[in-house]
Amino acid sequence: MSLIQHSTNHIHLLQIHALILKTSLDVDIVVLTKLLGKMFSQSTLIGYDLSYARKLFDIIPQPDTFMFNTMIRGYLKSNKPEDCLSLFMRMCRQDGVCIDSFSLSVVLQSCGRSVDCKNGKYLHAQSLKLGFGSDLFVQTALIEMYGRFGLVEVSRKVFDEIKDPDCISCNVMLAEYVRVREMGLAREFFDKMSDRDLVSWNTMIHGYASTGDVESAQDLFDTSTRKDVVSWTSMIAACAKSRCSSNALKLFHEMQLSNVVPDQVTMVSVLCACGDIGALGMGKTIHEYIKRSSIELDIRLSTSLVDMYAKCGDIDNAVSCFKQMRKKDVFAWSAMIMGLANHGYGEAALDLFSKMISEGTKPNDITFIGVLTACSHIGLVDKGWTYFNAMSDVYGIPPKIEHYGNMIDILGRAGRLQEARELIRSMPFKPDAVIWRALLGACKIYRNVELAEEAMVKLVAIEPDVDGNFVLLSNVYSQAKQWHKVVNVRRIIKNNKIHRIPGSSSIEVGNVIVEFIAGDKSHLQSDQIYKMLSEIMHRLKEAGYEPLTTSVLQDVDEKEKETLLAHHSEKLAIAFGILNTAPGVPIRIVKNLRVCDDCHSAIKIISIIYNRKIIIRDRNRFHHFVAGTCSCKDYW
DNA sequence: CTAGGGTTAG
């Protein structure tokens, strides 16, 4: 008994359980219920843990109401609505066991979570019949249930019938408004609440965050006088999700300064932010922290680690975290497949996909994004088609426009432009900008001016002011040596106030991210950086490098074009990296746009001259430059 | 009994 009371680790509890089974100890029902309850109070039980709990339940000759309630609540918490319902039914039939308001509230919640309207409404009627119509537990469960059914007005009606609503029932009502994204109604309700607790505030903060209204979330967060780990995590998650990642990391820092201890949920959002901006050092620090602390490495946190390492260019650590996972679900597999694909390990990604299938995890539409990306990056056209067709034929997943986009990319990069064009024509979606840009990009590689112009016409109709599209078109013309058309594109960009997205590259040194834009002179070390850069350029030329000035859009002389190329953000970041890291240490760069052809060939040589591994994450994929070659094998 | 978390075409 004391063992059970003091155990906080569920593996430990399972051991105690095994001991009871093995020794056939004559333990009484109170002890068993305690053990069962304790098992469920440790995070959410999954898979075999849950069946252990059930085994324990089943050895009890005559479970009482409390025991039944513990078990059905366990099923609710473990997201097993069918089991919850069927055990509840057995409970109803069992002599000497009576249904109380707790049992009813659990099973009503369960119907809500599984959107089981039929049973839900039936059980609602039964609760009224049994005289639980004005029980607060039951009423609260009903609010939640109807909310999950999408009937928030019915929830409100139930709420209005409560004579003396407590804070929890108000919070549940508030949460249902938030769930259906009715932030106006939620705010009105929140403002009228007489006593609001932390949960009410946190529900609102999360509500704003989930609608993408980070500003309102922040306002509310700033006005709240008490902030716990959930408040901070909601705010950090809001920033991470809306990709204000450095803000997320700043908040995490502030959180620690205010002595609120992060938990595994916080870490997931922090790692997400690290992955977004490629903050590997920070990510590693978090990983170390997790290992040192008692934070539980659950399936979501592990997936975040895998994803963070992959997005930060450290694929080896991503793989090792993935291998250490005790249980893997479709999220974990998909994250790993995507990571491998983006690093150019297409075969490994596809092997992993097969392994996932053979181990019994069903893929989803996102898994196939990873699978098709793998095919795209290593040029597997036929395999791409096979997987694309298998999606609907074998797995019953209808391809979305994203999958068509992937397929068009696969075909285009492989030079099968007409096939790509035909797929756009035949697909059941209206082609979007991404689709046309994929085709345009392929036209650039294969110098197809005619198709490029067609794609550009469509593209301009959707995105009239995106400079990248014009840059692509201009590159098509310069590849095809149609200089008069290049001049024309330049004129359009100049005269039409085309919005220019500056290329920027960032690099992390000592856990600090430093960002460069082309021609950047703002850094304190600027003089040194440019000195380094001219040394690099000098040595590059000695090694036979020739600047690819034809890709420069500005109308300036040759010398000036060379300078512009030399000052591209990724080159600045590399110069900074060589200056500020020890010899031999890999240099990792994150770029917001795609690496240009000139930088790509220059960096290959830099990797030889300076004997450095240079890892660049661009908009599209990873490039690992080692000893003069790139992992993309120039197929990008 | 109520609040926060993971994979997503270019």
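The figures here come from the full heavy-atom set of this structure, side chains too, leaving out hydrogens, waters and symmetry mates. Sequence lines set the chain letters: A, B, ... in the order given, protein chains first and strands last, and positions in each chain run from 1.
Between the CZ atom of Arg73(A) and the P atom of dT2(B) there is a distance of 9 Å, rounded to whole Å. Per the geometry, CG belonging to Leu136(A) stands 11 Å off C1' belonging to dT2(B), to the nearest Å. Regarding Asp228(A), its CG atom lies at a distance of 8 Å from the C1' atom of dA3(B), rounded to whole Å. For the pair Asp276(A) CG and dT8(B) C1', the computed distance is 14 Å after rounding to whole Å. A straight line from NZ of Lys311(A) to P of dT8(B) spans 4 Å, rounded to a whole angstrom. When the P atom of dG4(B) is taken as reference, atom CG of Leu251(A) falls 18 Å away, rounded to whole Å. In this structure, Asn406(A) atom CG and dA9(B) atom P are separated by 8 Å, rounded to whole Å. The interatomic distance linking Phe353(A) (CZ) with dT7(B) (C1') rounds to 14 Å, in whole Å.
Among the protein residues, Leu301(A) comes within range of the nucleic acid bases, having at least one heavy atom under 4.0 Å from a base atom. Residue contacts for Ala433(A): at a heavy-atom cut-off of 4.0 Å it reaches no nucleic acid atom on any strand shown. Among the protein residues, Val229(A) comes within range of the nucleic acid bases, having at least one heavy atom under 4.0 Å from a base atom. Residue contacts for Asp432(A): at a heavy-atom cut-off of 4.0 Å it reaches a base atom on one of the strands shown. Counting any heavy atom pair closer than 4.0 Å across all strands shown, Thr203(A) reaches sugar-phosphate atoms only and no base atom. The residue Leu174(A) sits apart from the nucleic acid: no heavy atom pair falls under 4.0 Å. At a threshold of 4.0 angstrom between heavy atoms, the contacts of Ser231(A) with the nucleic acid are absent.
Residue Lys241(A) has a polar side-chain atom (N or O) positioned under 4.0 Å from OP1 or OP2 of dG5(B). Phosphate proximity of dG4(B) to His206(A): present, with a side-chain N or O under 4.0 Å from OP1 or OP2. A close approach under 4.0 Å does not occur between any side-chain nitrogen or oxygen of Lys227(A) and OP1 or OP2 of dA3(B).
For a distance-only test at 3.5 Å, the side chain of Asn202(A) qualifies as a donor-acceptor partner of the base of dA3(B). Side-chain N/O atoms of Asp365(A) and base N/O atoms of dA9(B) include no donor-acceptor pair closer than 3.5 Å. Counting distance only, with no hydrogens placed and no angle test, the side-chain atoms of Ser304(A) and the base atoms of dG6(B) include no donor-acceptor pair under 3.5 Å. The base of dG6(B) sits with one of its N or O atoms less than 3.5 Å from a complementary donor or acceptor on the side chain of Asp329(A). Residue side chain Thr233(A) reaches the base of dG4(B) through a donor-acceptor N/O pair under 3.5 Å, judged by distance alone. Between the side chain of Asp298(A) and the base of dG5(B), at least one donor-acceptor pair of N or O atoms lies under 3.5 Å.
Of the listed nucleotides (dT8(B), dT2(B), dC1(B)), dT8(B) has the atom at the smallest distance from the side chain of Ile366(A). Here dA3(B) is the nucleotide among dA3(B), dG6(B), dA9(B) with the atom lying nearest to any side-chain atom of Val230(A). Which of dA9(B), dG6(B), dT2(B) sits closest to the side chain of Glu144(A) comes down to dT2(B). Of the candidate nucleotides dG5(B), dG4(B), dA9(B), dG5(B) has the atom nearest to the side chain of Arg300(A). Ranking dG5(B), dT2(B), dA9(B) by closeness to the Asp197(A) side chain, first place goes to dT2(B). When distances run from any side-chain atom of Ile369(A) to the nucleotides dA9(B), dG5(B), dC1(B), the shortest one goes to dA9(B). Among the nucleotides dG5(B), dC1(B), dA9(B), the one closest to any side-chain atom of Val268(A) is dG5(B). If you check dT7(B), dC1(B), dG6(B) against the side chain of Thr140(A), the one that comes closest is dC1(B).
Between Phe66(A) and Phe102(A), the distance separating the two ring centers is not shorter than 6.0 angstrom.
Within a 6.0 Å sphere centred on CZ of Arg226(A), heavy atoms belonging to other residues, nucleotides or ligands number 12 at most.
With hydrogens and angles left out, the side-chain atoms of Arg156(A) and Tyr146(A) include no donor and acceptor closer than 3.5 Å.
Not counting sequence neighbours, Lys362(A) has no partner by the side chain to side chain contact (heavy atoms under 4.5 Å, CB included) test. Remark: Arg421(A) pairs with Glu454(A) by the side-chain hydrogen bond (donor to acceptor under 3.5 Å, both in side chains) rule, at least two apart or across chains.
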Item to check | salt bridge (Lys or Arg N to Asp or Glu O under 4.0 Å) between Asp467(A) and Arg500(A), intermediate numbers included | outcome: CA-CA 5 Å; Asp467(A) 70 325; Arg500(A) 293 214 65 165; 3.6 Å; yes
Next on the checklist: Could you walk me through whether Lys311(A) and Asp276(A) satisfy the side-chain contact (heavy atoms from CB on, under 4.5 Å) test, starting with their C-alpha distance in whole Å, then the side-chain angles of each, then the deciding distance to 0.1 Å, before giving a yes or no?
Outcome noted: CA-CA 7 Å; Lys311(A) 289 202 172 120; Asp276(A) 183 40; over 6 Å; no
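Ion pairing between a basic and an acidic side chain is recognised when a charged N comes within 4.0 Å of a carboxylate O; Lys328(A) and Glu359(A) show no such pairing. Between Arg413(A) and Asp409(A) there is a salt bridge, with a side-chain nitrogen of the basic residue lying less than 4.0 Å from a carboxylate oxygen of the acidic one.
At a non-hydrogen distance threshold of 4.0 Å, nothing from residues 590-597 of chain A comes into contact with DNA chain B.
By the 4.5 Å heavy-atom criterion applied to side chains, Val154(A) and Phe149(A) are not counted as neighbours.
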